[in-house]
Number of protein chains: 4
Amino acid sequence: MTTKKASNASLPSERRARLVRLAGELFAEKGFRATTVREIADAAGILSGSLYHHFDSKESIGDEILSGFLDEVLTGYREAAAGTDDPRTTIEQFVRSSAATLARHRAALTMLQNDWSHFRAMPRFDYLRTATREIEHLWVDQLERGKQSGLFRPDLDARLTYRLLRDVLWIPTRWGQSSSNGWDTDQIADAVLRLIFDGIVARDSRPAGTSPADRQGRARPARS
Amino acid sequence: MTTKKASNASLPSERRARLVRLAGELFAEKGFRATTVREIADAAGILSGSLYHHFDSKESIGDEILSGFLDEVLTGYREAAAGTDDPRTTIEQFVRSSAATLARHRAALTMLQNDWSHFRAMPRFDYLRTATREIEHLWVDQLERGKQSGLFRPDLDARLTYRLLRDVLWIPTRWGQSSSNGWDTDQIADAVLRLIFDGIVARDSRPAGTSPADRQGRARPARS
Amino acid sequence: MTTKKASNASLPSERRARLVRLAGELFAEKGFRATTVREIADAAGILSGSLYHHFDSKESIGDEILSGFLDEVLTGYREAAAGTDDPRTTIEQFVRSSAATLARHRAALTMLQNDWSHFRAMPRFDYLRTATREIEHLWVDQLERGKQSGLFRPDLDARLTYRLLRDVLWIPTRWGQSSSNGWDTDQIADAVLRLIFDGIVARDSRPAGTSPADRQGRARPARS
Amino acid sequence: MTTKKASNASLPSERRARLVRLAGELFAEKGFRATTVREIADAAGILSGSLYHHFDSKESIGDEILSGFLDEVLTGYREAAAGTDDPRTTIEQFVRSSAATLARHRAALTMLQNDWSHFRAMPRFDYLRTATREIEHLWVDQLERGKQSGLFRPDLDARLTYRLLRDVLWIPTRWGQSSSNGWDTDQIADAVLRLIFDGIVARDSRPAGTSPADRQGRARPARS
DNA sequence: AATGAATGAGCGTTCATTCAT
DNA sequence: AATGAATGAACGCTCATTCAT
C-alpha cells in the first residue's frame, strides 16, 4: 500500500493538499468515475489542464486518497489488536477507530463502494486487495477468539459476520451526503456498537453499563 | 411509483426482457453511469444502436429496473404490515421479503447506491423519493410500535435504526459481485435477523427457538 | 426530367400515392433532409421499414415530388408562351399558372429552397438544373421581348428581374405553414402581379382596370 | 433581442470569432441542421470535439449568429424610422439597411428560412418571434402611413405587402450561393426598390429622379 | 403489405490529457 | 503555476436501410 507517489508528490505544497481535499469531497458525493477533472478544477477555481501540474492523472489523486485511507485504517486496527486480549474491547476499538477514520475519509469509502470494479481492474491498485485482506483477517481473528471464549454466540459465522459488521460500519458515513442529518460520529458509533452487540430487542437481564451504547439514550434524550 | 413505462414497453417481447436482464447485470456490477450502452449491446450480441429499437434511452432501461424494484418492495412491505399486529413479526417479514426481492433486483440496489445523485437530479425519477419515503415510514412505524409495546429497547432512535437496518439488509446483496460467496438468501436473512434482533453477544437466558436465526448453525454446520 | 420511376411505380396503388402526399406535407413543412422516414411512416400509421415496400429510398420519394412539380410547371409555361404574342399576357399567365401549380406542390418548393445543395450534388437530380434553365429561358425571353416592344422599362436587367420575379412568386407559397393566414391563391396572384407590374406607389394616371390586381381591393375590402 | 451569450462568449478571442464566421458560411450554404459540427471543425482544421472549448453547443453558435443578425437589423430599422417622417424615405432606408446587413449575415437568413421550424420549437430562441414581430410592426406602420398620405395605393394590404417585401428583400441574399452571379449589393438594392415602388412596366409619366432605381440602367459612375 | 429486429455510419457531445505560451 | 487551445477516444443516440418472417 504505502505507495510512494510520483515525483511531484515531494512538495505537498499546500495548493496540492487543497486540491486533494476538494477532489475528495466530490468523489465522496458522486464517486470517482462520475466526477470529472473539470469539476475538480472548477471547485479549485482553475482550469482543468492546470491540475496536471500537481498530479499526473486523475487516477493518481484517487490513489493518494485510497492509500491514505487504508494506511490509517490499518494503523488503527493494528494498535487496537495489540492493545488488549479481550475481543470485545478490541472490536469496540475497531469500531471507534473506524468511525473516526471514516469521518475523515468519506471519499475513500465512496470510491471503494462505487468504483471498486474500476480500481480492481488496475494493477496499480493491487494494494486494495492486500489491505482489505489484512483487515478481514484482523476482524475474523477477533470474532473467532470471542466465540472460543464464549463471549460471542457459538453459531456465529465469523467471515459472514465480519462482512456484515464492516459494511454496517460504513453505512452512516455514506449518509453525510445530506449533511444535516442530525447524528454525530459518536452517536453513530454508539448506535452501531449497541446494534451489533445487543441487537434491538429489549432485555431486562442485561447488565447495566456493559454496553458502551448505553450513552445513546442519555446523550440525546429529546430525540427518540 | 406509478411505473411510467415507455411506449414500447407494453409488449415485453422476450428479446426486450432479455436486454433488460443483461443491462441489469451490468448495472449491478458497475453501476448505471459506468455502464455504456455499447457494453449492454455487446452482451446481447447486437450493435449499440439496435438497443434503441427496444428502448428510447438508456435512462428508460434504468427507469424500468428501478420502478420494478420499488413496486415489488412496496408491495411486499404493505402485505407484511397488513398481515399482523406484532411488530417483530412484521419486521421479520420485511427482512425476508426484502431479501427475496433484493436477490432478484441487485441492479436496482447498485443503482440506488452508486447513482443516486444522478437519478435524484432528474424529474423523471421523482418517484424514487416518494417510494423511499413510504418505505421509511413503514419501518419507522413498526419500530415505534415495538418500542411502545416494550418489545424493543426504549432508547432506540427509530429513524436512525431504520436507516441502519435498511442498509444492513442491502449489504449482502452487494456481495453478489463475487457470485460464489457461499451464502444463500435464507442464510443471509437469518444472519441479518439474528444480528438486528439479538446482536452478536452470547446470552444464556435467550429462549431457544424464538429467533429464526437459530437455523443458521444447523444449515451449514461445516462452515465456521 | 420525366424520370420514369422504379419498378414498383407501375402500380400507383392508392396506398403509394397517399404516402407520397403524406411525405410531401412533411417535406413542405420542414424540408427534405429534416424529415425522417420514421416521421413519414408515423404519419401513415406504419413502421418505417414498411415504406420500403413502396419506394426504394427516401430519395426516390423526393425525386417523384420534384420531377412531378417541374413537369407541371414547364407544361404550364410552354402553353402560356405558345398561346399569345403579348409578353404581358404571357407573363400574367406564367404567374397564374405558377400560383396554381405551387399551391399543389408546396413540398417541391420547400425542397428546392431548403435542400438544393443536397440534391445538386446528386447525379440523379441533374434534371433539376435542366428544368430550371428552361424555365429561366422562358421568362427571360418574355422580358426581353417586353423591353423591345416598349412595354417594360428599357433599363430592366432581364435575368436579374427574372430571378426576382421567380422568387417573389415562390414567397406566398411558403406561408402555407400557418395555414390560416387569410389569403387565397387568387388574391396572392393578384397582389404579386400588381406588385411586379406597377409597384406599390399610387399613380393617378393609371388606366383603371388594366391591372388584374384591381380585384384585390374589392375582394377583401374589410382588410386594409 | 437581449442577446444571451454563452459564458465563454465574453472574450471573443479571435479564434472564436473565426469559428463563428466559418460556421456561418456553412450554415449559409446548407442550413443549420444540415451542417455537422465535424464539417465546421474540418473547415477550421481542428477536431470536432475542440469546438466545445469555444462553444457549449452547436446551438449556441446558431444563437450567436441569429441574435447578432436581428440586433443589427432592428437597430438599422429603428434608426430609419426615427430619421424622417416620409414613409417612402423610411422604406428606402429599410431596404438599403437590410441589403447591407443581409450581405454580412447570410447565415442568419438561411437559418431563418431553412431551420425556422427547428428553432421555433426551442424556448431558447423565443426572441426570434419577438424580433420578427417588431420588424413587421415597423414595416406595416410605414406602409399604412404611406397609404394615408396618398403615397401608396389605397388598396394595398399592408401586412400582405410587408410579407412580400420582406421576402423580396431576402431573395438576392440567397443567391450568394453561386458567389459570382454578377450583381453587387447596391445594384440589388436598387433593383428591389425600383421593383417595389414602380413595378416593371414602363411609364412615360414617371417623374424623373423620384426613384432611386433610376441609376440602375446607367453606368453607375457616381456611386458614392 | 407489413412487422420486428437489426445494421452501420454518422451525429452532437464529453472527457482525460497534452503542451506551447 | 496557470492558461488556452487542442487531441482522440468514447459516449448516448439517430437515421436510412435491409431482411427474415
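None of the values given here were measured: they were computed from a predicted structure. Numbers restart at 1 for each chain; the letters A, B, ... are given by sequence-line order, proteins then strands.
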How long is the line joining CG of D:L26 and C1' of E:dG12, in whole Å?
16 Å
Taking D:R38 for its side chain and D:S48 for its backbone only, find out whether a donor-acceptor pair lies under 3.5 Å.
no
My understanding is that only residues two or more places apart in sequence, or in another chain, count here; which of them pass ring-ring contact (aromatic ring centres under 6.0 Å, His included) with A:F27?
A:F32
D:H54 has a side chain; which of F:dG4, F:dA2, F:dA6 sits nearest to it?
F:dA6
Rounded to whole angstroms, how far apart are CD1 on D:I61 and C1' on E:dG12?
11 Å
Hey, does B:L128 have a side-chain heavy atom less than 4.5 Å from the side chain of B:L112?
yes
Base versus backbone protein contacts along nucleotides 16-21 of chain E [heavy-atom cut-off under 4.0 Å; B, S, -]:
SBB---
A:L51 has an atom CG; how far is it from atom C1' of F:dT3, in whole Å?
13 Å
Rounded distance (Å) that lies between atom C1' of E:dT3 and atom CZ of C:R15:
14 Å
What I want to find out is whether C:R106 reaches C:E25 closely enough, with some N-O distance under 4.0 Å, to be called a salt bridge.
no
d(CZ, C:R18; P, E:dA1) in whole Å:
13 Å
Rounded distance (nearest 0.5 Å) linking atom CZ of D:F119 with atom CZ of D:R124
9.5 Å
Rounded interatomic separation in angstrom, taking CZ from A:F55 and P from E:dC15
19 Å
Rounded to the nearest angstrom, tell me the gap between atom CG in B:L19 and atom P in E:dG4.
16 Å
Classify C:L47 by what it touches in the nucleic acid, base, sugar-phosphate, or nothing, heavy-atom distance under 4.0 Å.
base
State whether A:E14 and A:R21 are salt-bridged, where the test is any N-O pair (Lys NZ or Arg NE/NH1/NH2 against Asp/Glu carboxylate O) under 4.0 Å.
no
Using a 3.5 Å distance criterion without hydrogens, assess whether the side chain of D:T35 forms a donor-acceptor pair with backbone atoms of D:G31.
yes
Measure from CD1 on B:I46 to P on E:dA6 and round the result to the nearest Å.
5 Å
For the residue pair D:R18 / D:S13, report whether a side-chain donor-acceptor contact shorter than 3.5 Å exists.
no
Is the closest side-chain donor-acceptor distance between B:D63 and B:Y127 under 3.5 Å?
yes
Please, what dot-bracket string fits DNA chain E when only Watson-Crick and G-U pairs with both distances under 3.5 Å count, crossing ones use [ ] and pairs to another strand use |?
.||||||||||||||||||||
